[in-house]
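What follows is a set of notes on a single structure, which appears directly below.
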Amino acid sequence: MYTCVFHVQNKGKILAICNIEIPTQSNHKSMAQVHFTIFLFSSIFVISSSSFIPPPHPFDPLTETELKLVRTIINKSYPIGHNHKFTFQYVGLNEPDKSLVLSWHSSPGHNVKPPPRQAFVIARDKGKSREIVVDFSTRAIVSNKIHVGNGNPKLTIDEQQAATALVLKFKPFCDSIVKRGLNLSEVVVTSSTMGWFGEKKTKRSIRTIPFYLNGSVNTYLRPIEGMTIIVNLDHMKVVEFKDRFTGPMPKADGREYRISNLKPPFGPSLRSAVFYQPDGPGFKIDGHVVRWANWEFHMSFDVRAGLVISLASIFDMDMNKYRQVLYKGHLSEMFVPYMDPNDDWYFISYLDCGEFGCGQSAVSLEPYTDCPPNAAFMDGVFAGQDGTPTKVSNVMCIFEKYAGDIMWRHTEAEVPGLKITEVRPDVSLVARMVTTVGNYDYIIEYEFKPSGSIKMGVGLTGVLEVKPVEYVHTSEIKEDDIYGTIVADNTVGVNHDHFVTFRLDLDIDGTDNSFVRNELVTKRTPKSVNTPRKSYWTTKRNIAKTEAEARVKLGLRAEELVVVNPNKKTKHGNEVGYRLLPGPASSSLLTQDDYPQIRAAFTNYNVWITPYNKSEVWTSGLYADRSQGDDTLAVWSQRDREIEKKDIVMWYTVGFHHVPCQEDFPTMPTMFGGFELRPTNFFEQNPVLKAKPINLTTIPKCTTKKND
């Protein structure tokens, strides 16, 4: 017996040393088999090695290949399969060390070694939540622990579908449907999280809610009220069922929204409106890095957050270099409490990102409608319940936007003999996603402007969540409160809130930043000023030294909120900074002792500032489902840490109080809100002063004809 030793090499590097035993008395057939074995093994090894080359950017989302590798590595220690009760609840990029990322990003040509690439996994293992970190370079599990606190990880699509399918086969439920005179084949069951209402111990359970189609595809507008159906997800079993009464059933009429099924007359009629770019888009995409005008940033996708913007920098012509603005920004949570305290509704107080996953719920964008014709698209990938990759095509889009806005202008008519008019049209770059969590479609977008501003936008559309009532007119109402508005026959749109919280790790020209509250103070005109004016306002500068001093309830006083870099100043001595321009302010109206508010205490203020901590990412806590409010932004901030001249993170909540109206039925026109981050003494002068007028090519005029 001989031993054949051979090396598998790639670019001169030995990847493996392999031994194959060859019989002493070998014939041509056996030698051919040996040669084929060597060839096959070498090919497989080289192919598999080249397949696992890390992506070129530390913030690139996990690829399908990496997700498969994570599954393979974990499967060696924890067998994955139907009978092993091991499921993947979250798989994402393990946050790399920030100093290593910045070192890599700032090095010329990125010739510094990138930070280790790892995956962070939350799994359910025999009824417990297990946290695992997988290192790709070593192909090994480098951290492994059981979560011992409150709350549960994000629900998977598979387990929600399994739970609702279970209910449809549950005999007591089927019998109740028949007793109500309904057709079981027309019943749709959806999943709803249960929240937390003071229980000392909670199980990993959900409530399921039935709806009736029978002539409609607008599922959420025909609820079957009066049933309590609770499913334990770990045991996949209906553990509680009650049917209290037979309520009225809203009619199917008037709930259609598909254009193909709607009947004339149609309207209002709209003409086509196109931003025409004959030379193609002005942005370039290199992997996940986007470059446009004077901006450069990275786009990524996470199963919980959805769209993630990282390493956003803007080019300063005066300094001839890119300057940091935003290290990372993304959705952290969406809190949606409903305002009906009765049994069918009290528990509806969703934490959408933490319970359902705003990335997991993201949908493929429709070209020409969700995004304009000049848009480019990116796909998203996440791990399913068994760890296999799930791809969402066209989940993010990028496009240049021009809606007739003006970047800047001035008409000078005071110079004798001259009339000067200079105008620059305002073109911006938008990155967008849409996440459909149940009945609501949320449009999330980041708009980058050449002037240096970044606008974060939230659009709410979709379908109301409604309850059936016996009334068709307000004059018939007998109760003190119906908790909403009659929007159609036998249909009440229930009052509710939307609180959308962004996590914004700002690095304004560097990591050492401070938060300044410039209060606008009214003063009496001093006697030394000899004019008729009696008052004026000026600014009083307050630098927040700790977290407590940086909590802001908008609208209580006139103030400017600015993140500055005290180590960087303009030539006139002003600290460089970015100012927060809030949108309309809405704060939670729930009492502080109400259980949904305890879980969502991050909405107690509109703005929070915390020192950077890589573990503080999700404002509702890492385990949001059935959480008890003991791992939230409000709890972290109680430590009242120092934030002056530190690496700080801003948390901003866009709030909506939604009192439904008839115009929201059967589908809701988009309600939009947001905020802006705007440079303040960041540049030496107007950064778009020298922007050349662009050629807004127009489409040739078409002959018009009378509308039908």
Side-chain angles (χ1 to χ4, degrees), residues 272-299 309 311-326 371-377 397-432 445-457 508-509 568 570-572 574 576-579 581 674 676-701:
S272 297
V274 179
F275 176 30
Y276 183 50
Q277 294 180 290
D279 300 322
F283 58 87
K284 294 182 179 179
I285 302 175
D286 180 9
H288 286 265
V289 176
V290 180
R291 297 180 178 89
W292 172 80
N294 48 354
W295 280 104
E296 176 181 294
F297 59 90
H298 182 274
M299 280 180 65
I309 301 293
L311 296 172
S313 301
I314 189 166
F315 188 77
D316 187 329
M317 288 195 305
D318 293 332
M319 293 188 176
N320 194 33
K321 69 174 185 177
Y322 279 94
R323 299 169 66 191
Q324 295 171 263
V325 177
L326 178 66
C371 307
N374 60 327
F377 294 82
C397 74
I398 313 100
F399 59 91
E400 286 165 291
K401 173 184 174 182
Y402 174 65
D405 295 330
I406 297 170
M407 181 190 293
W408 68 265
R409 79 172 320 283
H410 181 60
T411 295
E412 181 62 71
E414 304 301 326
V415 179
L418 282 178
K419 183 176 181 180
I420 304 169
T421 297
E422 288 284 325
V423 188
R424 301 294 183 271
D426 194 17
V427 179
S428 57
L429 186 73
V430 176
R432 174 182 291 169
E445 61 183 38
Y446 299 79
E447 182 177 357
F448 294 85
K449 303 177 84 65
S451 60
S453 287
I454 309 175
K455 298 177 75 174
M456 287 71 172
I508 305 302
D509 217 14
K568 303 285 182 68
T570 65
K571 63 183 180 182
H572 299 298
N574 295 308
V576 303
Y578 259 70
R579 175 175 40 174
L581 297 181
E676 181 177 347
L677 297 171
R678 184 182 178 93
T680 299
N681 300 317
F682 188 83
F683 299 101
E684 293 293 346
Q685 63 174 3
N686 179 359
V688 290
L689 176 70
K690 297 181 180 180
K692 293 183 178 180
I694 62 173
N695 178 23
L696 290 171
T697 306
T698 58
I699 303 293
K701 290 184 178 180

How long is the gap from [atom1] on [X] to [atom2] on [Y], to the nearest 0.5 Å?
{"X": "Glu447", "Y": "Met456", "atom1": "CD", "atom2": "CE", "result": "11.0 Å"}
{"X": "Gln277", "Y": "Tyr402", "atom1": "CD", "atom2": "OH", "result": "12.5 Å"}
{"X": "Phe315", "Y": "Asn320", "atom1": "CZ", "atom2": "CG", "result": "4.0 Å"}
{"X": "Glu296", "Y": "Ile314", "atom1": "CD", "atom2": "CD1", "result": "12.0 Å"}
{"X": "Ile508", "Y": "Phe682", "atom1": "CD1", "atom2": "CZ", "result": "6.5 Å"}
{"X": "Asp509", "Y": "Ser313", "atom1": "CG", "atom2": "OG", "result": "9.5 Å"}

Point to revise | Partners passing salt bridge (charged side-chain N to carboxylate O under 4.0 Å, His left out) against Lys455 (at least two apart in sequence or in another chain) | key: none
Practice item. Not counting sequence neighbours, which residues clear salt bridge (charged side-chain N to carboxylate O under 4.0 Å, His left out) with Asp316? List them please. Key: Arg323
**Study point:** Aromatic plane relationship, Phe448 with Phe297 - under 30° parallel, 30 to 60° tilted, over 60° perpendicular
**Key:** parallel
Exercise for review: For the pair Glu684 (side chain) and Lys571 (backbone), establish whether a donor and an acceptor sit closer than 3.5 Å, ignoring hydrogens and angles.
Suggested key: yes
Check your understanding: Got a donor-acceptor contact below 3.5 angstrom from the Asn374 side chain to the Glu400 backbone?
Key -> yes
Review point. Tell me the salt bridge (Lys or Arg N to Asp or Glu O under 4.0 Å) pairs involving residues 414-430, sequence neighbours left out?
Key: Glu422-Arg424, Asp426-Lys449
Point to revise | Those residues that, when tested against His298, pass ring-ring contact (aromatic ring centres under 6.0 Å, His included) (two or more places apart) | key: His57, His288
Check your understanding: What residues, two or more places apart in sequence or in another chain, satisfy ring-ring contact (aromatic ring centres under 6.0 Å, His included) together with Trp292?
Key -> none
Review point. So do Trp408 and Val688 actually touch side chain to side chain, heavy atoms under 4.5 Å?
Key: yes
Check your understanding: Tell me, do Val325 and Ile454 make a side-chain contact under 4.5 Å, heavy atoms counted?
Key -> yes
**Study point:** Minimum-distance pair of heavy atoms, taken over all atoms of Cys371 and Phe399
**Key:** CB-CD2, 4.4 Å
**Study point:** For the student: nearest non-hydrogen atoms of Pro687 and Ser451, plus distance
**Key:** CG-O, 3.3 Å
Practice item. Output all residues satisfying side chain to side chain donor-acceptor pair (under 3.5 Å) with Thr680, sequence neighbours left out; order by chain, then residue number. Key: Arg579
Practice item. Could you give me the CA-CA distance, side-chain angles and deciding distance for Trp295 and Leu429, then say whether side chain to side chain contact (heavy atoms under 4.5 Å, CB included) is met? Key: CA-CA 9 Å; Trp295 280 104; Leu429 186 73; 6.0 Å; no
